[in-house]
Amino acid sequence: MTTENPGSTELNLPQQFLLLATNDKDGEPEVPPSVLKAGLAGAILAELDVLGAVRLDGKYVRAVGEPPSSDFRHQWELIHDKSRPHSARRWVAMLESRAELHRVYEGMAALGVVSHVGEKHLGVFRTTRYPEKDHGPEAALLARIESILNGSASDARTTALIGLLHAAGLMDKLFPGAGPGLLRELTGGHWPSRAVRDELRMIRLAEAETAT
């Protein structure tokens with residue numbers, strides 16, 4: 001594989017999550033902004049977990065080993081340097097960032113997976129969309145997930161991706177035939193996905209209180 005034609009295995013988990021969470025044609029997210037940001041934060045934790053750079057120690061996330069050679073070294077350093085540990089849900093809340101969304105999207109644009117489309121309003125760029133440019137990586141991801149749902153052995157990255165998509169409510173859209181029992185069996189122990197669900201639950205509660 002080359003950078004001009006990246007495969008699904010060359011995309012990190014945050015890139016894989018955003019790719020599947022974005023409409024191929026118009027480049028708009030398939031979920032609300034709060035869900036997208038929480039899902040991305042969880043994907044960053046999941047990427048560091050797969051790399052062996054963080055672990056869940058009881059209730060708290062802890063950085064382990066040496067700083068990872070990845071796009072998310074900064075987040076590892078935040079976890080490592082924190083004076084007191086935080087829960088996984090708290091880290092999802094702390095790592096949510098609109099700037100990080102654009103950074104991950106731009107990384108995929110640099111690989112030629114998506115296109116950067118800026119829209120002007122009154123002569124000023126107001127919005128940016130990322131429609132799909134190369135369907136190969138997404139097709140490979142979808143095929144791999146479908147294979148696992150049909151009984152093939154999973155791997156840590158794909159299990160994490162399925163868990164994140166499920167937490168964000170995207171598995172119902174991408175694979176409507178996947179039953180909740182199977183998804184729980186595959187991803188029930190994945191702590192970054194559980195943290196995303198917990199954070200989204202807190203967001204919904206806060207929104208409900210604001211509305212009353």
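Bear in mind that the values here come from a model prediction, so they are computed numbers and not experimental data. Basis for what follows: all heavy atoms, side chains included, without hydrogens, waters or symmetry-related copies.
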### Summary
Heavy atoms of Gly107 and Gln15 approach each other most closely as C-NE2, 4.0 Å

### Query
Out of curiosity, Lys37 NZ to Leu95 CG, how far, rounded to the nearest 0.5 Å?
13.0 Å

### Query
Heavy-atom distance under 4.5 Å between the side chains of Leu149 and Leu183, does that happen here?
yes

### Query
Just how far is it from atom CG of Leu111 to atom CD of Glu10, taken to the nearest 0.5 Å?
8.0 Å

### Non-hydrogen side-chain atoms of Asn12 and Ser70 separated by less than 4.5 Å
no

### Message
When you compare the side chains of Thr22 and Tyr105, does any donor N or O come within less than 3.5 Å of an acceptor on the partner?
### Response
yes

### Message
Same cluster or not: Trp76 versus Leu51, using hydrophobic residues (I, L, V, M, F, W, Y) connected whenever any side-chain heavy atoms lie under 4.5 Å apart?
### Response
no

### Task
Report yes if some heavy atom in the side chain of Pro85 is under 4.5 Å from a heavy atom in the side chain of Arg62; otherwise report no.
yes

### Task
Could you walk me through whether His86 and Tyr60 pass the ring pair (Phe, Tyr, Trp, His ring centres under 6.0 Å) test, one step at a time?
CA-CA 5 Å; His86 291 310; Tyr60 302 115; 8.2 Å; no

### Message
Tell me whether Ser87 contacts the main-chain N or O of Arg90 through its side chain, where contact means a donor paired with an acceptor under 3.5 Å.
### Response
yes

### Query
Between CE of Met108 and CG of Leu19, what distance do you get to the nearest 0.5 Å?
5.5 Å

#### Entry: Least distance between heavy atoms, Leu45 atom then Val54 atom
O-CG2, 3.9 Å

### Query
Can you name the nearest heavy-atom pair linking Leu48 to Pro68, along with the distance?
CD2-CG, 3.9 Å

### Message
So, taking the atom named CG in Leu13 and the one named CG in Leu40, what distance separates them when rounded to the nearest 0.5 Å?
### Response
10.5 Å

### Message
So, taking the atom named CD in Glu146 and the one named CG in Leu174, what distance separates them when rounded to the nearest 0.5 Å?
### Response
11.0 Å

### Query
Is there a donor-acceptor contact under 3.5 Å from the side chain of Arg129 to the main chain of Asp26?
yes

### Query
Is there a side-chain contact between Asp49 and Trp191, using heavy atoms and a 4.5 Å cut-off?
yes

### Query
Does the side-chain contact (heavy atoms from CB on, under 4.5 Å) test come out yes or no for Ile203 and Ser34, once each step is laid out?
CA-CA 8 Å; Ile203 290 173; Ser34 59; 4.3 Å; yes

### Heavy-atom pair with the smallest gap, counting every atom of Asp134 and Gly112
CB-O, 3.5 Å

### Query
Would a distance-only check, ignoring hydrogens and angles, find a side-chain to backbone donor-acceptor pair under 3.5 Å from Thr210 to Ala206?
yes

### Query
Are side-chain heavy atoms of Tyr130 and Val113 found at a separation under 4.5 Å?
no

### Task
Measure across Leu11 and Gln16 and return the closest heavy-atom pair with its distance rounded to 0.1 Å.
O-NE2, 2.9 Å

#### Entry: With Arg89 via salt bridge (charged side-chain N to carboxylate O under 4.0 Å, His left out) - residues at least two apart
Glu199

### Query
Do Glu100 and Arg103 meet the salt-bridge criterion of a basic N to acidic O distance under 4.0 Å?
yes

### Message
Is it the case that over 12 heavy atoms from other parts of the model lie below 6.0 angstrom from the CE atom of Met94?
### Response
yes

### Task
Considering non-hydrogen atoms only, spot the tightest contact between Val61 and Ala88 and give its length.
CG2-CA, 3.6 Å

#### Entry: Any side-chain heavy-atom pair of Leu20 and Ile145 under 4.5 Å
yes

### Task
Identify whether Leu164 and Leu182 are in the same connected component of the hydrophobic contact network (ILVMFWY, side-chain heavy atoms under 4.5 Å).
yes

### Query
Is the side chain of Ser152 donor-acceptor paired with the backbone N or O of Ser147 at a distance under 3.5 Å, no angle test?
yes

## Note on the structure
CD1 of Ile148 to OG1 of Thr158, rounded to nearest 0.5 Å, is 4.0 Å

